[in-house]
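Sequence lines set the chain letters: A, B, ... in the order given, protein chains first and strands last, and positions in each chain run from 1.
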Number of protein chains: 2
Amino acid sequence: MTDRPDIPRSRRERPAKPALSREGIVAAAVAVLRAEGLPKVTMRRLAQELDTGPASLYVYVRNTAELHAAVLDELLGTIGPVPAEGTWRERLERVLTAYTAMLFEHPSLARSALTARPSGPHYLTLIETLLTLLDEGGVPPAQAAWGVDMLLQQATATAAEHSADEATQEDWDTLTRALHEVSDQTHPHLAALADTLLSGAPPVRQSWGFQALITGIERTAVPD
Amino acid sequence: MTDRPDIPRSRRERPAKPALSREGIVAAAVAVLRAEGLPKVTMRRLAQELDTGPASLYVYVRNTAELHAAVLDELLGTIGPVPAEGTWRERLERVLTAYTAMLFEHPSLARSALTARPSGPHYLTLIETLLTLLDEGGVPPAQAAWGVDMLLQQATATAAEHSADEATQEDWDTLTRALHEVSDQTHPHLAALADTLLSGAPPVRQSWGFQALITGIERTAVPD
DNA sequence: ACCTGAACACCGTTCAAGT
DNA sequence: ACCTGAACACCGTTCAAGT
């Protein structure tokens, strides 16, 4: 058992600590996200993972929000292209559904995407795809541009809401109860529509929402 | 200077500590929100404000998210009725704009509203108002019910996004730069529409968004 | 039942000091 | 320039013990 005095012991014990880099940090963040969810993707936790102190990460990442945005862009890259069959409307809905499905798996990421808009390469490509499809459908460019924003916002907000944690379930129960207890004297429409307000499986409502939005975007001119 | 031994000194030093109650906690939370914003509305801070320990609050409030939802419902009560003039569309937009304006003053509240749906009395009344206006416009009830959800979601998401803190501004700058650097070879639509994507003052875009959404809701039938 | 002190198990971010 | 230890200033929530 020979010691090699030219390399300190600590350097040989583990697979060699890789140099820090933005990519490395984001990759570690994605790994932690996949394994334990976004709430665990913290500066401190990542520092631990990368065998350093939290302060070191601030050389590469401005803050936690920016880190989360980078993680989202990374995941956006996993969506992949959707089949080219069908009408532009069908393909548009398919892209949006793929986007939403990805966010449904990481609702907390959807939550953070609403605040810290991503601006990475995969996000830009997604926008390009949506613009292309709207153009194919003959939607005037200005309407398409503003519309893309709404479509992504709706998809993101829906995913953020449907985070299926316990707390959210309780919220929903509370709302259900409140809706059914409402007086038809003071809230006639609410009383009449209580069940409809809560009806529809998420995919069905989501699909209806996309169709309604697309129709509205198609038919509403942008002011000069 | 006579001591009154039947009342402990500590009880006389301050205006008399009021008994804890859900209403008292929510009222204190609203006060802190108004003075310092939602991030300061924490269990610990409220406990301090109410001269007790954080653990005591858990008798009346399930957790921080529920507290924030209660605060939102309270603020919803301050919106007040909107003038009855104009078409149903105009009045609908006015209600939604009032809702959004309130949330714009408390963007962090909008953020939390996307996750923890409120179910308080003021929220129910807001839904009733929206349903009434859609009914007046002849929108079929089922479409109105699902549509209300989308309208509120859009309003809330927009407010959440436009939180004007520093970080958000930086995000926006980053996105602007990214959009203008994009290659028109790989992203032709994006390159052509970069300016349009970013154009429009928030109130103008918001208004366009509501109109597009209302039109879509009007014209899209709910599946059986 | 209601209330509490204390503890557990964490956070983000900054800064002075080192290499 | 890059990296770091240590510190600052906080969090939410639970639990055993008290009234």
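B:Leu152 is listed as a side-chain neighbour of B:Leu126, based on a closest heavy-atom distance under 4.5 Å. A 4.5 Å side-chain heavy-atom check between B:Leu103 and B:Leu72 finds at least one atom pair inside the cut-off.
Taken to the nearest 0.5 Å, the CZ atom of B:Phe210 stands 5.5 Å off from the OG1 atom of B:Thr97. Here OG of B:Ser56 is found 10.5 Å from CG of B:Asp51. Values are rounded to the nearest 0.5 Å.
Counting to the nearest Å, the P atom of C:dT4 and the CD1 atom of B:Ile25 are 11 Å from each other. Whole-Å rounding puts the B:Gln48 CD to C:dG5 P distance at 13 Å. Distance, A:Lys40 NZ to C:dC11 P: 7 Å, rounded to whole Å. Put simply, CG on B:Leu50 is 10 Å from P on C:dT4, counting in whole angstrom units. Atom-to-atom, CG of B:Leu67 to C1' of D:dC11 comes out at 14 Å; the value is rounded to the nearest Å.
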Exercise for review: Would you write the dot-bracket representation of DNA chain D, where each base gets (, ), [, ], | or . depending on whether it forms a Watson-Crick or G-U pair under 3.5 Å and with which partner?
Suggested key: ||.|||||...|||||.||
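Between the P atoms of D:dA9 and C:dC8, the separation comes to 23 Å (whole Å).
Side-chain atoms of A:Gln211 and A:Glu93 include a donor-acceptor pair closer than 3.5 Å. A donor atom on one side chain and an acceptor atom on the other are found under 3.5 Å apart for B:Ser199 and A:Trp146. Between the side chains of A:Gln153 and B:Glu161, at least one donor N or O sits under 3.5 Å from an acceptor N or O.
Annotation: side-chain hydrogen bond (donor to acceptor under 3.5 Å, both in side chains) contacts of B:Thr132 (sequence neighbours excluded): A:His189.
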List every contact pair, protein side and nucleotides 12-19 of chain D side both N or O, where the distance is under 3.5 Å.
unit_1	atom_1	unit_2	atom_2	d
D:dG12	OP1	B:Met43	N	3.3
D:dG12	OP2	B:Met43	N	3.3
D:dG12	OP2	B:Arg44	N	3.4
D:dG12	N7	B:Arg44	NH1	2.6
D:dG12	O6	B:Arg44	NH1	2.6
D:dT13	OP2	B:Tyr58	OH	2.9
D:dT13	OP2	B:Thr64	N	3.2
D:dT13	OP2	B:Thr64	OG1	3.2
D:dT13	O5'	B:Tyr58	OH	3.3

